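Remarks on the structure that follows.
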Number of protein chains: 2
Amino acid sequence: MSRMPRWPADSRARLADAALDLFSQRGYSAVTVDDIADRAGVTARTFFRQFRDKEEVLFAEDDLLLPSLLATIAEPTGPVAAEPLMARALGALAERMQSAHEPLRRRQAIIDSDVALMGRELAKQARWQQAISAALAERGFDPADAGLLAAIGFALFRRELHAWLADPSIDATPLPERIRAALPSVRTVLDAATTH
Amino acid sequence: MSRMPRWPADSRARLADAALDLFSQRGYSAVTVDDIADRAGVTARTFFRQFRDKEEVLFAEDDLLLPSLLATIAEPTGPVAAEPLMARALGALAERMQSAHEPLRRRQAIIDSDVALMGRELAKQARWQQAISAALAERGFDPADAGLLAAIGFALFRRELHAWLADPSIDATPLPERIRAALPSVRTVLDAATTH
DNA sequence: TCCAGTTATGACAGATCCTGACATCAACTC
DNA sequence: GAGTTGATGTCAGGATCTGTCATAACTGGA
């Protein structure tokens, strides 16, 4: 019994935690991969075996959320219009993020502080958008519409997510509620006008 | 007379040309900064004095377009609704890109081949979006609307730009015309529905 | 029991990216 | 013609990321 692994397990999780802590304390660019590896008790080579590059340690978790989002979109429910489907899919995604307000907040602060990280986040979201667009087309939407729908949904989701993360109060309006409340505004925004 | 500069002029332009050629031939990641500098007849250090990093050489020109786009938005024309204003601003931007179909096509092919470049492009567009949103707010739009408007405008512009670049025929539908034709679709897309 | 295969890691060399510091030299200014 | 400016070269060095091989725990079967 008493299996003694040669090294403590979960080096991946320890690296991710160490990275988030150090980035928060000193700022992304002031932290080297060696720093992260040291704090996690491994070498830099192990870091790069777990994460493609220094940036990826902040985004690896995201990949766990996409499949369930796609599943929600694909759920067979008979004919459905774009708006209620978006409400259901984005609402479900928001539910799953609801419990992680504080970690998400720290992470977003780091990303917002570095242009390259911002780019990485947007690139990842673009691939999500692509996948969602494909899922919408699969369900029978016109492909051209599907792309625009996915783009609009994401723009709206991003806006509400940032507003939610920026709100420090513990009993702020929950994210899913924000999303559902914001959806109708897309309809009216094109008719907005200036006074000068 | 006969001023003999110590070095040939326009090292920046020669570097940009060399980079585009080499990236097209061998692929972005297979080309080193030394390769680019060699072909341009300078050293790598000069490359980094002209461009912040290896990626920037593909995006530097973009910065010339933003000011005129903002100027179009700010043009005082009396009260105006969002949709015609977007049509005018995006149309004018499309006009200025119209003549550069082939270079833009090559550039986009390189960007699409590399995730990091995609991220850089999206980050740059996000900053544009931010600036445009601010310009819209400055003109009197509700700030929340302005952000969503800018996002929708960009999503639409990107879609049409990619379609235009993907069309190899010389007398394809011109970009400005595509943009203006696509704008109304935003209104109807939320009412699209599936049949299953 | 013993041995071969698997797996996670360490160790090390090296390519590439990017920066800081200083030197060089034509062109310009006075 | 002396001094200044500006674009470039040269060099050292840190950080990121990869390839390769060695090591030691674990695993499964002879």
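Keep in mind the model is a prediction, meaning the values are calculated, not measured. Numbers restart at 1 for each chain; the letters A, B, ... are given by sequence-line order, proteins then strands.
One finds a side-chain N or O of A:Thr46 lying less than 4.0 angstrom from the OP1 or OP2 phosphate oxygen of C:dG10. Using a 4.0 Å cut-off, no side-chain N or O of A:Ser11 falls inside it from OP1 or OP2 of C:dA8. Considering only side-chain N and O atoms, A:Thr43 lies under 4.0 angstrom from the phosphate OP1 or OP2 of C:dG10.
When A:Arg12, A:Glu56, A:Arg14 are each tested for a side-chain contact (heavy atoms from CB on, under 4.5 Å) with A:Gln50, only one passes: A:Arg12.
If you measure from atom CG of A:Leu15 to atom C1' of C:dA8, you get 13 Å, rounded to the nearest angstrom. Across the protein-nucleic acid pair, B:Arg12 atom CZ and D:dG6 atom P stand 17 Å apart, rounded to whole Å. Residue B:Asp10 contributes atom CG, which lies 16 Å from atom C1' of D:dG6 at whole-angstrom precision. Taking atom CG of residue B:Asp114 and atom C1' of nucleotide C:dT16, one finds them 15 Å apart after rounding to whole Å. One atom, CG of B:Asp34, and another, P of D:dC11, lie 14 Å apart when rounded to the nearest Å. Rounded to whole Å, the distance from CG on B:Asp35 to P on C:dT16 is 8 Å.
Considering every non-hydrogen atom in both A:Leu175 and A:Gln98, the closest pair reads N-OE1, 3.1 Å. Taking every heavy atom of both residues into account, A:Leu20 and A:Arg106 meet most closely at O-NH2, 3.6 Å.
Residue A:Gln50 is in sugar-phosphate contact alone, with no base atom involved, counting any heavy-atom pair closer than 4.0 Å across all strands shown.
Within the 4.5 Å cutoff, the side chain of B:Asp62 has heavy atoms near those of the B:Arg107 side chain.
One finds the CG atom of A:Leu70 at 9.5 Å from the CG atom of A:Leu136 (value rounded to the nearest 0.5 Å).
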Write out a two-atom table: protein N or O, nucleotide N or O from nucleotides 17-20 of chain D, distance below 3.5 Å.
from	atom 1	to	atom 2	distance (Å)
D:dC17	OP2	A:Lys54	N	2.8
D:dG19	N7	A:Arg45	NH2	3.1
D:dG19	O6	A:Arg45	NE	2.8

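A:Phe154 and A:Phe157 have perpendicular rings, their planes meeting at more than 60° on a 0 to 90° scale where under 30° would count as parallel.
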